[in-house]
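As structure tokens, the structure follows; a few thoughts come after it.
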Amino acid sequence: MKRDVKALIQKMTLEEKASLCSGADFWNTKGVERLGIPQVMVTDGPHGLRKQEGSADHLGLNESISAVCFPAACAAACSFDTNLLQEMGETLGVECQAENVSMLLGPAVNIKRSPLCGRNFEYFSEDPQLTGKLASAYIKGVQSKHVGTSIKHFAVNNQEYRRMSASSNLSTRTLREIYLPAFEEAIRNAAPKSVMCSYNKINGVFASENEMLLTEILRNEWGFEGLVVSDWGAVNDRVKGLAAGLDLEMPGSGGVNDEKIVQAVRSGEIKEEVLDQAVKRILQVIFDYADNRQPDAVFDREKDHRTAVKVECESAVLLENDGILPLDPKKKIVYIREFAAKPRYQGGGSSHIHASQIVSAFEAAQRKNRNVTYTKGFPMDRDEIDTKEFEKAVNAAKEADAVVIFAGLPDAFESEGYDRKNMKLPDCQNVLIQEIEKVQSNIVVVLHNGSPVETPWADEVSAVLEMYLGGQGVGDACDQLLYGEVNPSGRLAETFPIRLEDNPSYLFFGGDGKNVDYAEGIYVGYRYYDAKQQKVRWPFGHGLSYTSFLYQDIRVTKDEFADNDSITVEVDIKNIGEREGKEVVQLYVADKNGTPNRPLKELKGFAKVNIRPGEVQTVTFTVSARDLSYYHEELGDWFATGGAYELLIGHSSADIRLTKKIHFVTDRQLPLKVTGETTVGELLEDARTCEMMKSILAQFQSGAEETADEELMVALLEGMPLRSLLLLGVPAQQIEELIAGFNTVCR
């Protein structure tokens, strides 16, 4: 039915309006019974339904209903598959309808700035392009069932240490190029029902009362029409927050902040129209769910479990393989470590799911009567060497044809609420792997972890399979991948550095508890490792398959394009192996114009395609001016330098297979205000002033016909400010006239 929300608001008292702007309890909004405004429930996600029916909390401490735990974002992102993320979202949307939940709190799209962030398992990637596309697909899936999403945490929430009070300090360009684009992509293309603001400050201003963030960028620039909700307990000053664009406070303050809003309106501190607008946004989201309620929706846990297995099969990443995988079912295999029998499949904190069932890799192997035995080796929950278990594991390894060691991080090593101290696996795991290497040459390591770990043994083992935190079906998926029932097709959504110290944020991560400076700027993840030519363990986008692919014949619709235009890029991919498989084709763009402070390349497109042996698939991308652009702070907008660019088609960020040069033409020019501090070099670089500056330089040459002298003069004067022409005998009056002349041509 059609709701007249405006008329409804006019019937409300001031107190009723204010009350709607905070939660009734931990998980429910408030209603107004006399006006037919219902309460609705929201719950944590993003990778499952954490609906608490008893005592509520926001840290995953108390029990929730039995639900399906899907792979966490750290795993699902490695699928590089927007269709898969949308399918997962649709499944979650049906589950929410079946459980009468109006909004799922996710997806979480904060950038993985450092491997140490305790919540990285819940975030997608180090790259904003990949993050934004996957988040958009997830949102479209969930909201197709008239269940809202709450994209989070807006913004620059990249650590757990003092996350409720610390200030994330960064340049506008860094904010725009790295930490906001995933939100922008999702807002513009998927229209989430809500945005959840983060706890932290951004450049000294709390996110919950940051007008630039919540109104100027989010609403005025990106056109967001939903509601802004606080992270649970993130409100600092409720009235300032309302004025800045924060609509809904969760979980509520027992009426304290509602009364502050009432008093602020009565005193004139804030206009009632601002409150009305917040109420309107809240009501639109409530009614979108209430008026499209699907009481007949069924939460089919068994069917959804199979979907969870499918998502993990598509997401696991084969990092190394010397040919040992897939395993030969005739061979005698021993599984070592408790994760083989009791898998770690999710992270700790607010997204913790009470899984409807859990299947381990050993259980899956037993169901299929595989020739597999199991020994504990070392504990799953602590770093401790049990000599007897060690000896049993080594002896079992000696007698087997191959060994699969299930390594990874215990629950206590990574969780919401605190950051990791290092990137290391527990010592007992590394020691056991090294001991087994002495008696067995066929070693497969399966990793269960929410973020990168150091792997000092990587060059010595036969294969490494990264499962991440793969949800409740991780064991089923692992079995299918190890034995080749499924061909691995995941690709790393983040770089694995060799050591923690190699990470670009190493010197700055965490800050002093009050401020954390993002001094690495735009050089996050592969952007940094490329620029430094820093060797990594496994690069962004990396992942192996049980088949091989040939990249051939890159084509573009035209070699040159301009503003408000785009080009289409096509590339042919052939499966030259003997197995059907999926390849993730990645498009990167490189600025070849010498533009200062630009990454060597940036991901601007990706596509996952299934290809049969001998088959050729054509993959298509579109490249626009925005894909070539960087954020220019003085211009206050995105800008692409006119000139040469290179399109790079790769299997990973470090494995580029094809390249194509293109040319970009633009009429846009950067602002240039010439003063006495403007250098000769700046004027020579700008097309508007170059010739004029050259003619002036010619006056100071001796032997003007000699090119070498001209080049020497330019080199000497390049960094000289115009005011310093006094040193060359140019009168001050003439310098002022020169400056005025330059500014005339720059208008």
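Values below: every heavy atom of this structure, side chains too, minus hydrogens, waters and symmetry copies. All residue numbers in this chain count up from 1 along the given sequence.
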Counting neighbours of NZ on Lys30 that are heavy atoms of other residues, nucleotides or ligands and sit closer than 6.0 Å, is the number greater than 12?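 Count over threshold, so yes.
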Pair [X] + [Y]: basic N to acidic O under 4.0 Å:
| X | Y | result |
| --- | --- | --- |
| Arg266 | Glu15 | yes |
| Glu225 | Arg281 | no |
| Lys342 | Asp411 | no |
| Arg344 | Glu414 | yes |

Under a 3.5 Å threshold, yes or no: a donor from one side chain and an acceptor from the other, between [X] and [Y]?
| X | Y | answer |
| --- | --- | --- |
| Asp231 | Ser198 | no |
| Asp517 | Asn169 | yes |
| Tyr123 | Asn158 | no |

Short side-chain to backbone donor-acceptor contact, [X] and [Y], under 3.5 Å:
| X | Y | answer |
| --- | --- | --- |
| Asn189 | Glu185 | yes |
| Ser194 | Thr149 | yes |
| Thr43 | Lys51 | no |
| Trp232 | Phe26 | yes |

Within 45 degrees of the axis of the six-membered ring of Tyr518 and under 6.0 Å from its centre: does Arg113 put its NZ or CZ there?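 That pair qualifies as a cation-pi contact.
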Please determine whether salt bridge (charged side-chain N to carboxylate O under 4.0 Å, His left out) holds for the pair Glu16 and Arg34, giving the CA-CA distance in whole Å, both sets of side-chain angles, and the decisive distance to 0.1 Å. CA-CA 11 Å; Glu16 286 172 334; Arg34 74 179 185 87; 2.8 Å; yes
Does the gap between the ring centers of Phe339 and His448 come in under 6.0 Å?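 Distance test on ring centres: under 6.0 Å, yes.
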